[in-house]
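For this chain, numbers begin at 1 and follow the sequence in order. Atom set for the values below is all heavy atoms of this structure, side chains included, hydrogens, waters and symmetry mates excluded. Read the numbers this way: they start at 1 and go in the same order the structure lists the ligands and their atoms.
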Amino acid sequence: MCGIMGYVGPQEAAPIIMDGLKRLEYRGYDSAGVAVSNGTIDVRKAEGKIAGLVALLDEKPLEGTVGIGHTRWATHGVPSDLNAHPHTDPTGDFVVVHNGIIENFQTLREELEAGGSVFTSQTDTEILAHLVAQEYDGDLAAAVRKAVERAEGAYALVVMTKREPRKIVAVRKISPLVVGLGDGETFLASDIPAVLHHTRDFLIIEDDELVTITEEGATVETITGDPVDRDVLHVDWDPGQAEKGGFEHFMLKEIHEQPTVITETLGGRLDEDGTAWLEDVEFDDDFARGLDTVWITACGTAYHAGLVGREIFQRVLRLPTIVEYAHEMRYSDPMVKEGDLTIAISQSGETADTLAAARLAAERGTRMLALTNVVGSTLSRYADDVLYTRAGPEISVASTKAYIAMLIGQYLLALRLGVARGSIDRDRATEISHGLNHLPAQVEEILENDEAIVEAAQAIVDADDIYFLGRGLDYAVAMEGSLKLKEISYLHSEAMPAGELKHGTLALITEGVPVIVVVTQRATYDKTISAVQEVKARGGKVVAVAYDTDTEIEKFAEIVLRIPETDDLLAPVNAVVPLQLLAYHVARLRGHDIDQPRNLAKSVTVE
Ligand code: AGP
């Protein structure tokens, strides 16, 4: 997620904007820029950290009391000075900053180029500057309104023009935007922390709303021009809380961002009939049809996403899919061969073992696809194809939203390959697409009902050992649930296929030992319940993750963590959320540093 700042008032704008961007640094970014309107539009922008932009401003100061600024988390176009925001139209009279993704930007760019427009960057944002300039007819708000009517996707768009110098216009669709109300000055930001030290009075801009700010204040309208009477929100958070959007920890904030992450990762990539459009995936249908083996390599949570991927690809593509820990694969002389597809999964795109395994697979002739969250990361630069997860920066060491985005990425990839191979018919592809589009609302429903999860956390918080069971896709989810619990609660846990329990581990199940069972898969439901009964017979304490339509599970589980029913193939997306929250609540009860657990790093860039 990018950071946005705007200011109109009596003070110099640049220092206020730079200070606000610094307060948004925690959101992660790869370039930054600022523009002021002082009779003309002046822009300063640079790749890299804000310190570089500060140096640029020291060298070439900006003067003016109206301005906008931006920290960029790249989605279209690698991090560079040219791709940094703000972006202007060719005349330089209009300037924009943008947070989000314009899904139809390629079509719009081609239309504009056909009309003679010339672009200087690879970004989707620059197109918006051209559109606003094209639509301008003396009223900036009207021009912005017309411009975004042509754009599809998620955006918080902020626009200035030298033709109306004491004004900033902004519009929101999915990506966040707030207005800070000062005394004779008005602020705009993507997040409250950026301006909390100037004012505690805010207007939250909602989806499909447009706001015009001047030093007198703010006027909010719907995107169709109807006036909106928005109550002022008085915020009494401390700055630390504010960075977390009012949540106690980044991990909880990121868990709650998951519905938006699913929406954004799917955005513009999936038709109702299951056709997937993967902008940086360049293999053709012949490659898909000729494929006979898929490899997945990753570490940690990304590896667990790959375990889900294995089930997805084997069911949808009917192809052998081999998942390897990267730190094992790189030394195992793997049987990868020319014509195979190797998917390297990495949130950071910098994990040393994953880079090494990916490089090895590529050297042996497989096509290498990077499934990663960081545009321009090392892994993305090695790869033949890249599928970005669009989860935005993940601050908490314990990965949650990036994991779910990895699952979404693999569903998209499976549809792309499966439809090309004819291994799934159009009806099934449509069914999967329909199910995917329902996931944001279903995850939201789980997030709003966490009472049973808190109860389960209280039930296991003092346990010495906790076991996670599941079969097939449920086992893959159980593996991730176990890691989440371990890495932030420091309680020992292990996951295994439910069928494996009786081959040894059952010896450890005694009175009161907690066993978390993920039981969504209809085909193996009865078999998994058999394992649950083995646990019950030894006095184990069973907590189950089950569909809200399951009427049997209460007979076997003391606590049931309900999730909305979905296509079994998609169940991991819903099923993992209660386990993320379970780990979070146990760690909170144990008073741990949840975002920075002991001994762990966000990205293991060493071997
Ligand atoms: C997950 O919660 C951990 N932070 C860790 O296992 C992580 O998933 C692993 O180090 C891989 O990181 P990557 O996705 O950036 O490659």
Any side-chain heavy-atom pair from Val518 and Tyr475 closer than 4.5 angstrom? no
Report yes or no: do Gln347 and Thr389 form a side-chain donor-acceptor pair below 3.5 Å? no
The complete set of salt bridge (charged side-chain N to carboxylate O under 4.0 Å, His left out) pairs with one or both residues in residues 450-477, sequence neighbours excluded, reads none
N/O donor-acceptor pair under 3.5 Å between Asn83 side chain and Ser121 backbone: no
Once you restrict to heavy atoms under 4.0 Å, what part of Lys484 touches ligand 1? Side chain, backbone, both or neither. side chain
For a 4.5 angstrom cut-off between non-hydrogen side-chain atoms, does Leu307 reach Glu311? no
Look at atom 14 (O) of ligand 1 and say which protein heavy atom is nearest, naming residue and atom and giving the distance to 0.1 Å. Gln347 N, 2.7 Å
Proximal candidate to atom 4 (N) of ligand 1 [heavy atom criterion; set Val397, Thr301, Thr400]: Val397
Is it the side chain, the backbone, both or neither of Glu487 that has a heavy atom closer than 4.0 Å to ligand 1? side chain
For ligand 1, which atoms, with element, lie under 4.0 Å from some heavy atom of Ala398? 2 (O)
List the closest protein heavy-atom neighbour of atom 15 (O) of ligand 1: residue, atom name, distance to the nearest 0.1 Å. Ser348 OG, 2.7 Å
Is any side-chain heavy atom of Asp353 less than 4.5 Å from a side-chain heavy atom of Tyr325? no
Which of the numbered atoms in ligand 1 are below 4.0 angstrom from a heavy atom of Ala302? 8 (O), 14 (O)
Residue, atom and distance of the protein heavy atom nearest atom 11 (C) of ligand 1 read Cys299 O, 3.5 Å
Under a 3.5 Å threshold, yes or no: a donor from one side chain and an acceptor from the other, between Ser399 and Thr301? no
Which atoms of ligand 1 have any heavy atom of Ser399 under 4.0 Å away? 1 (C), 2 (O)
Examine the proximity of ligand 1 to Ser603 and report which part, side chain or backbone, both or neither, has a heavy atom under 4.0 Å away. neither
For His85, the side chain to side chain donor-acceptor pair (under 3.5 Å) test, sequence neighbours excluded, returns His70, Thr125
Note: ligand 1 atoms sitting under 4.0 Å from heavy atoms of Ser346 are 13 (P), 14 (O), 15 (O), 16 (O)
Please report the shortest heavy-atom distance between Thr342 and Ala361, naming the atom on each side. OG1-CB, 3.6 Å
Please list the nearest protein heavy atom to atom 10 (O) of ligand 1 with its residue and the distance rounded to 0.1 Å. Val604 CG2, 3.9 Å
Look at atom 12 (O) of ligand 1 and say which protein heavy atom is nearest, naming residue and atom and giving the distance to 0.1 Å. Thr351 OG1, 3.5 Å
